[in-house]
Amino acid sequence: MKTRITELLEIKYPIIQGGMAWVAEHHLAAAVSQAGGFGLIGAANAPAEVVREEIRKARELTDQPFGVNIMLLSPHAEEVAQVVIEEHVQAVTTGAGNPEKYIGRWKEAGIKVIPVIASVALARRMERCGADAVVAEGMESGGHIGSLTTMTLVPQVVDAVNIPVIAAGGIGDGRGFAAVRMLGAEAVQMGTRFVVAKESIVHANYKERILKAKDIDTEVTGQSHGHPVRGLRNQMTREYTRLEKGGATFEELEYLTLGALRRAVMEGDVKNGTVMAGQIAGLISKEQSCQEMLEEIMKEAEQLLCQK
Ligand code: TUI
């Protein structure tokens, strides 16, 4: 399947892996790219030199193109923005903010720039600033989210900009892929499905929670201070919600979640850690290699899209 995104990123399949904090490290990114999709290293809150090492390690595992996701709330965002230039990564995606001030520098260095956006206004602005594409991410996604659904956001962004649109949020199989193609998207970005990939280094407890999740098992915390985050409900989210309803300050809530994603991903503490996952978790029921996932999704999508 050829689209402007497969051309832009020089990939076989128009499937991009989300730049998930702690999860999207070099093994996963390289495996997705090696399988014909586009892998991303999630810089999250990591220092720039750690990101540089991750890029170099991914290069040892694949000669295919991959990118880096820069989380703009990170205290290291500025340095990471420079490292991706020095390391000549093919593409940068950004999340949780407006990457305007970096776009000129990245474009000059020949890097493809793909901001993740959650509104038409930011999509338009990114196009004006020279972005090559945007990821339109609905609130079905795991992690930090906006307020619109994928179903409503994607077609409105497609109508508002001329650059290609990648859909994200709530997509976990070939049906989701085909559905967003109908909305005008030229690729998908998936996160939750890749968390359970064989090549994903995520702790077995975390994978098991996703594999066993039901449709209604995710919850959004942090609405009150403007940083809504979706994850699987557990002791941590219940305590968070109790404090949030009781009027806890931003600092008190931050303290509760400090290091919580790392505890869940790396140590398997799925009770008191943060288990970020999207609403599609209930659909995800098997651990597969990235190659198996991509081939299965594309086969299903192509069958659906080619039906007369
Ligand atoms: O960034 C993500 N997902 C993330 S980042 C993350 S780490 C984190 N953890 C706790 C709190 C905050 C961050 C976990 N998951 N997705 C991309 C995304 N970007 N979703 C929504 C947005 C977004 C929202 C508002 C982008 C821009 C924006 O407005 C910026 C502006 O200035 O207009």
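Residues: numbered from 1 along the sequence shown. In each ligand, atom 1 is the first atom listed, and ligand 1 is the first ligand listed.
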Open item on the list: I'd like to know if Arg181 pairs up with Glu186 as an ion pair, taking the criterion as any Lys NZ or Arg NE/NH1/NH2 lying under 4.0 Å from an Asp or Glu carboxylate oxygen.
Closed with: no
Task: Nearest non-hydrogen protein atom, atom 25 (C) of ligand 1 - done: Gly97 N, 4.7 Å
Open item on the list: Within the protein, is there a heavy atom lying under 4.0 Å from atom 2 (C) of ligand 1?
Closed with: yes
Open item on the list: I'd like the name of whichever of Val116, Val229, Ile70 reaches closest to atom 10 (C) of ligand 1 through any heavy atom.
Closed with: Val229
TODO: In plain terms, say whether Glu60 and Lys57 are close enough for a salt bridge, that is, a side-chain N and a carboxylate O under 4.0 Å apart.
DONE: no
Open item on the list: Using 30° and 60° as the class boundaries, would you call the ring planes of His225 and Tyr240 parallel, tilted or perpendicular?
Closed with: tilted
Task: atom 24 (C) of ligand 1 [closest protein heavy-atom partner, distance rounded to 0.1 Å] - done: His144 NE2, 4.2 Å
Open item on the list: Quick one about Glu219 and Thr237 (side-chain donor to acceptor, distance below 3.5 Å, no hydrogens or angles considered), yes or no?
Closed with: yes
Task: Taking atom 31 (C) of ligand 1 as the reference point, the nearest protein heavy atom with its distance - done: Asn98 CB, 4.1 Å
- [ ] Among all protein heavy atoms, pick the one closest to atom 16 (N) of ligand 1 and tell me residue, atom and distance.
- [x] Glu137 OE2, 3.2 Å
- [ ] For atom 19 (N) of ligand 1, find the nearest protein heavy atom and state the residue, atom name and distance (0.1 Å precision).
- [x] Ala96 N, 3.0 Å
- [ ] Inspect the contact between Arg175 and Glu296 and indicate whether a charged nitrogen and a carboxylate oxygen are less than 4.0 angstrom apart.
- [x] no
Open item on the list: I need the nearest protein heavy-atom contact for atom 8 (C) of ligand 1: residue, atom name and distance, please.
Closed with: Met71 CE, 4.2 Å
Open item on the list: Counting non-hydrogen protein atoms only, what is the nearest one to atom 9 (N) of ligand 1? Give residue, atom name and distance.
Closed with: Met276 CE, 4.0 Å
- [ ] Would you indicate which of Thr257, Leu122, Thr221 comes nearest to atom 33 (O) of ligand 1 when only heavy atoms are counted?
- [x] Leu122
Task: Salt-bridge present (Arg124, Glu127; N to O < 4.0 Å) - done: no
Open item on the list: For atom 12 (C) of ligand 1, what is the closest protein heavy atom, and at what distance to 0.1 Å?
Closed with: Leu73 CD1, 3.7 Å
Open item on the list: Do Val116 and Phe38 land in one hydrophobic cluster if side-chain heavy atoms of ILVMFWY residues count as linked below 4.5 Å?
Closed with: yes
Open item on the list: Under 4.0 Å between a side-chain nitrogen and a carboxylate oxygen: does that hold for Glu287 and Lys207?
Closed with: yes
